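Some notes on the structure that comes next.
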Amino acid sequence: MSPKSALMAKSEPIQSEASARPTLLLAWYDRHRRRLPWRAMPGETSDPYRVWLSEIMLQQTTVKAVGPYFEKFVARWPDVTALGRASQDDVLRMWAGLGYYSRARNLHACAVAVTREHGGVFPDTEEGLRALPGIGPYTAAAIAAIAFDRRTMPVDGNIERVVSRLFAVEEELPQAKPLIQQLAATLLADARAGDETSRAGDSAQALMDLGASICTPKKPACSLCPLNEGCTARALATQETFPRKAPKKSGTLRRGAAFVVTRGGELLVRSRPEKGLLGGMTEVPGSDWLAGQEDATAKQQAPDLKGLSRWQRKVGVVTHVFTHFPLELVVYTAKAEARTRAPEGMRWVPIATLAGEALPNVMRKVIAHALDPSRAPPS
DNA sequence: AATGCGTGGTT
DNA sequence: TAACCAAGCAT
């Protein structure tokens, strides 16, 4: 054997390594897949409704946080037509606490559309799914692959990380998305002749499980990875530097005031506008939330009720951090006389039933702060 | 294309 | 602890 052919022979495993990736990945998945409530057992067909519901809930949300919500939803609404018959308000109440509330509005709108325009049956193509509210490129591909075994590769944050490391993608996100999409598709197994399936859904879920448990953002466990031999970043010992992305700027602090008015065992609330921040959710009346706003300015926006006791400012502030800005709220309380009318657009709700209201967490913090006796103002 | 949109967990 | 991250979508 000549030195040259020895060299070629040595390079051979590298080539076969790349083409073996889909097989290695599926073999790993068969041994290490996570058992999750919305996943079908091996060999079982998955229910498109459950796949869809879980995919919507999992958008930018951890598996752990989704678990209880998923169980609550399927128990109350076992199929898409049941959800389509529900009121949007019931859906929002059930969603409260999970965040990104436009997902809940779109979830309901999607259930209505599937029920009325598709006879209660989900479209089984990416294109058909993509046309539904709340379903974007990722979710359409995920449902198509997982629920309908279409040969397509959804790319989420996990898969972006795994693929950008595997191929040492130097381009920054989000510009690198098309390239990563293309590279990710090379991890799909070929469709076998005489058998349309390629286990595309399993390949996608395998990459997500890999990203969640092994190819983690920090300190990835490369020694346990089924794809480690062909991983370019690992070979260069630069795993943790991928994916490349520009640092993002944090928003400016905004301030405001919240007004907690009680009438016996009831609380004065209103609903936020349908669109925008916390759209459609319940809140106590409050001022605008503005950068650099003075407390005195915010207080001028207190609701105007007759028969109200003096406003009392609670000690301290409520802080909350949204994706794009931090918020600081001062909290004022007052008591209303029995039978005081709620101002236009507001209503009284029993404090005992607040748990079932569509209250975002920031409002739960405000109410807890307001009702905390240790924060009573100095007398 | 860049920005707005929640919340909880990890490091 | 401040920063980052988590199965993205709509506009």
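By convention in this document, chain letters (A, B, ...) are assigned in the order of the sequence lines, proteins followed by strands, and residues within each chain are numbered from 1. A quick note: this is a predicted structure, and the numbers were derived from the prediction, not measured.
- Side chains of A:T282 and A:E357: a donor on one and an acceptor on the other come within 3.5 Å.
- Remark: A:R161 is in phosphate contact with C:dA6, judged by side-chain N or O atoms under 4.0 Å from OP1 or OP2.
- Nucleic acid contact class of A:W95 (heavy atoms, under 4.0 Å, all strands): none.
- Between A:F259 and A:Y332, the two ring planes are parallel [angle under 30°; tilted spans 30° to 60°].
- For the pair A:R272 and A:W289, the cation-pi test (distance below 6.0 Å, angle within 45°) is passed.
- Looking at A:Y138 and A:E55, their side chains do bring a donor and an acceptor atom within 3.5 Å of each other.
- Ionic pairing of A:K177 and A:E160 is present here: one or more N-O contacts between side-chain nitrogen and carboxylate oxygen are shorter than 4.0 angstrom.
- If you measure from atom CG of A:L58 to atom P of C:dC9, you get 12 Å, rounded to the nearest angstrom.
- A:M208 has its CE atom 13 Å from the C1' atom of C:dA6, to the nearest Å.
- Among the protein residues, A:P174 comes within range of no part of the nucleic acid, since none of its heavy atoms lies under 4.0 Å from any strand.
- Within the nucleic acid shown, A:T139 comes within 4.0 Å of sugar-phosphate atoms alone, with no base atom in reach, counting heavy atoms only.
- With rounding to whole Å, A:R272 atom CZ is found 15 Å from B:dG4 atom P.
- With rounding to whole Å, A:N106 atom CG is found 8 Å from C:dA10 atom C1'.
- Going from atom CE of A:M57 over to atom C1' of C:dC9 covers 16 Å, rounded to whole Å.
- When heavy atoms are screened at a 4.0 angstrom cut-off, A:L36 is found touching base atoms of the nucleic acid.
- In this entry the distance linking CD of A:E126 with C1' of C:dG8 reads 15 Å, nearest Å.
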* Would you mind building the protein contact string for nucleotides 6-11 of chain B? One character per nucleotide, 5' to 3', B for base within reach (heavy atoms under 4.0 Å), S for sugar-phosphate only, - for untouched. => BBS---
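- Among the protein residues, A:P137 comes within range of the sugar-phosphate backbone only, with heavy atoms under 4.0 Å from sugar or phosphate atoms but none that close to a base.
- Using a 4.0 Å heavy-atom distance criterion, A:R364 is classed as making no nucleic acid contact.
- Taking for each of A:G134 and A:D209 the nucleotide of DNA chain C with the nearest heavy atom, the 5'-most of the two is the partner of A:D209.
- A:I135 comes within 4.0 angstrom of the backbone, heavy atoms only, and of no base.
- With A:F242 as the aromatic partner, A:R165 does not meet the cation-pi criteria of under 6.0 angstrom to the ring centre and within 45 degrees of the ring axis.
- On the P atoms, B:dG8 is 22 Å away from C:dC9, given to the nearest whole Å.
- Applying the side chain to side chain contact (heavy atoms under 4.5 Å, CB included) rule to A:A82 yields the partners A:W77, A:P78, A:D79, A:R85; only residues at least two apart in sequence or on another chain are considered.
- Rounded to whole Å, the distance from CG on A:L173 to P on C:dG8 is 12 Å.
- In this structure, A:I159 places its CD1 atom 16 Å from C1' of C:dC5, rounding to the nearest Å.
- With P as the reference atom, C:dA6 and B:dC5 are 22 Å apart, rounded to whole Å.
- Residues in residues 108-117 of chain A take part in no salt bridge (charged side-chain N to carboxylate O under 4.0 Å, His left out) pair, two or more places apart or across chains.
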